[in-house]
Amino acid sequence: MPGLAAPLIAWYRDAARDLPWRREGFGAWGTLVSEFMLQQTPVTRVIPHLEAWLARWPSPTDLAASPPGDAVTQWANLGYPRRALWLHRAAVEIRDRHDGVVPRDVDALLALTGIGDYTARAVAVFAYGDRHPVVDTNTRRVLARAVEGRAQPGPPHRRDLERMDAELPDGIAEAAVVNAAAMELGAIVCTARSPKCAVCPLADLCAWRAAGYPESEDRRRRQATYEGSDRQARGAVLKTLRDAAPSPVPLFAVLPDWPDAAQRDRAIDSLVSDGLAEAIDDVLRLPGHPAS
DNA sequence: TAAGCGTGGAT
DNA sequence: TATCCAAGCTT
């Protein structure tokens, strides 16, 4: 490898955004919460919700002591509300299995609900300073372009971890910076739509640029239309429950004017099935404390 | 392995 | 306006 590390480190020193989770002493819990929120939600939308969340629940034990429905309400409109449920479950698991301390070991992190290859290593590296490859969608795009000469990365693969690991310097601190810098470059320079190659620190060694920016035959399937979808119905039902919380909502009052009643009922059933709602007698509510 | 899962801003 | 895209995860 020609080595992405040196130019990435130099660039990051000047170009890195000032983000809350990069502040000194932000803490492993804050890092974990931020990573949950950042799973598919843009940075600018996450920041205010993150600060409110940590003010309300400064530790995993604090969150674990609240009913999961409170987490869903606090999650507000961040999207993918099952993440709120998973974050709550992870907090309970941290309390019960790790004495309330966010684990440092990658395998222990992977065993927590809602944590996968990316989030586990992000916590281990950015919160605890360990040396692992951290690969998110930004990093995969940077590697695809700079190293492979392709416009877009293929689907996520475990091999991505090894390929990123090969780019990391030996030094632990330097490796962490390269991880962060690759993500940051993908987020603000090597972007999916209009990459800013004129200001890219990797331009001189970029295989995609050298090859003349070939298009990639993208067999990505199109994102399903949201308008009129079951997902939209689920979102609308859940918003009704959040807005009413902590009060339950009579079933007859859940989206009474929804254009497709069968779809609405399907949405309610699936939310209950997912644990995002509870149907008791003839009312619907967010999940409360487990019975045990 | 692929599908399903929210929401809002940018183009 | 419609589509794309966003620090992924689970089943």
Side-chain angles (χ1 to χ4, degrees), chain A residues 12 16-17 19-22 26 30-50 72 75-90 109-127 132-143 151-158 160-161 164 176 179-188 190-195 218-242 266-267 269-271 273-277:
Chain A
Y12 187 78
R17 292 169 294 178
L19 300 172
W21 44 90
R22 291 179 181 161
F26 189 68
T31 300
L32 181 61
V33 174
S34 76
E35 295 299 349
F36 264 87
M37 290 183 171
L38 288 164
Q39 291 169 2
Q40 299 284 277
T41 300
V43 165
T44 52
R45 287 181 59 202
V46 161
I47 290 174
H49 289 282
L50 172 65
V72 175
W75 196 259
N77 63 341
L78 279 174
Y80 290 142
R82 53 180 50 177
R83 288 181 294 161
L85 214 51
W86 290 342
L87 178 53
H88 182 273
R89 286 180 196 158
L109 286 161
L110 284 169
L112 298 174
T113 301
I115 293 190
D117 283 330
Y118 165 74
T119 303
R121 289 170 179 78
V123 170
V125 170
F126 301 135
H132 304 280
V134 181
V135 178
D136 74 337
T137 188
N138 292 304
T139 296
R140 293 196 304 110
R141 188 171 51 250
V142 169
L143 290 176
Q152 303 292 347
H157 194 280
R158 280 201 69 83
D160 301 334
L161 290 174
M164 185 57 186
N179 277 314
M183 292 170 59
E184 186 77 345
L185 188 74
I188 65 180
C190 192
T191 51
R193 204 98 60 114
S194 304
D218 57 347
R219 41 185 104 281
R220 288 172 303 172
R221 86 200 136 75
R222 270 182 44 196
Q223 188 169 22
T225 303
Y226 185 64
E227 192 65 29
S229 67
D230 284 13
R231 293 167 78 168
Q232 184 185 38
R234 281 171 55 105
V237 170
L238 207 54
K239 175 169 169 50
T240 299
L241 297 185
R242 283 199 312 263
R266 208 159 55 233
D269 287 346
S270 72
L271 287 169
S273 173
D274 288 349
L276 281 164

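Chain letters run A, B, ... following the sequence lines, proteins first and then strands; every chain starts at 1.
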Inset, instruction - Report yes if a side-chain nitrogen or oxygen of A/Thr139 is closer than 4.0 Å to either non-bridging phosphate oxygen (OP1 or OP2) of C/dA7; otherwise report no. - result: no
Inset, instruction - Would you indicate what A/Leu78 reaches in the nucleic acid, counting non-hydrogen atoms under 4.0 angstrom: base, sugar-phosphate, or nothing? - result: base
Inset, instruction - Test for a donor-acceptor pair under 3.5 Å between the base of C/dC5 and the side chain of A/Arg193, counting only N and O atoms. - result: no
Inset, instruction - Looking at every strand, decide which applies to A/Ala122 at a 4.0 Å heavy-atom threshold: base, sugar-phosphate, or nothing. - result: nothing
Legend entry - Any A/Arg82 side-chain nitrogen or oxygen under 4.0 Å from OP1 or OP2 of C/dT11: no
Inset, instruction - Please list, chain by chain and in numerical order, all residues satisfying side chain to side chain donor-acceptor pair (under 3.5 Å) with A/Arg22, sequence neighbours excluded. - result: A/Tyr12, A/Glu184
Legend entry - For the student: nearest non-hydrogen atoms of A/Pro81 and A/Leu276, plus distance: O-CD2, 3.8 Å
Inset, instruction - Only counting residues at least two apart or in another chain, list the ones meeting side chain to side chain contact (heavy atoms under 4.5 Å, CB included) with A/Ala192. - result: A/Arg141
Inset, instruction - Classify the nucleic acid contact of A/Ile188 as base, sugar-phosphate or nothing, counting any heavy atom under 4.0 Å across all strands shown. - result: nothing
Inset, instruction - Select one nucleotide: of C/dG8, C/dA6, C/dA7, the one nearest the side-chain heavy atoms of A/Thr119. - result: C/dG8
Inset, instruction - With a 4.0 angstrom cut-off to heavy atoms of chain A, pull out the first and last contacting nucleotide of DNA chain B, in 5'-to-3' order. - result: B/dA3 to B/dT11
Inset, instruction - Apply side chain to side chain donor-acceptor pair (under 3.5 Å) to A/Thr41 and list each qualifying residue two or more places apart in sequence or on a separate chain. - result: A/Arg83
Legend entry - DNA chain B contacts made by residues 39-49 of chain A, counting heavy atoms under 4.0 Å: A/Gln40, A/Thr41, A/Arg45
Inset, instruction - Under 4.0 Å between any heavy atoms, over every strand shown, what does A/Ser194 touch: base, sugar-phosphate, or nothing? Just pick one. - result: nothing
Inset, instruction - Pick the C1' atom in B/dT1 and in C/dT10, then give their distance to the nearest Å. - result: 13 Å
Legend entry - DNA chain B contacts among residues 223-236 of chain A, heavy-atom distance under 4.0 Å: A/Gln223, A/Tyr226, A/Arg231, A/Arg234, A/Gly235
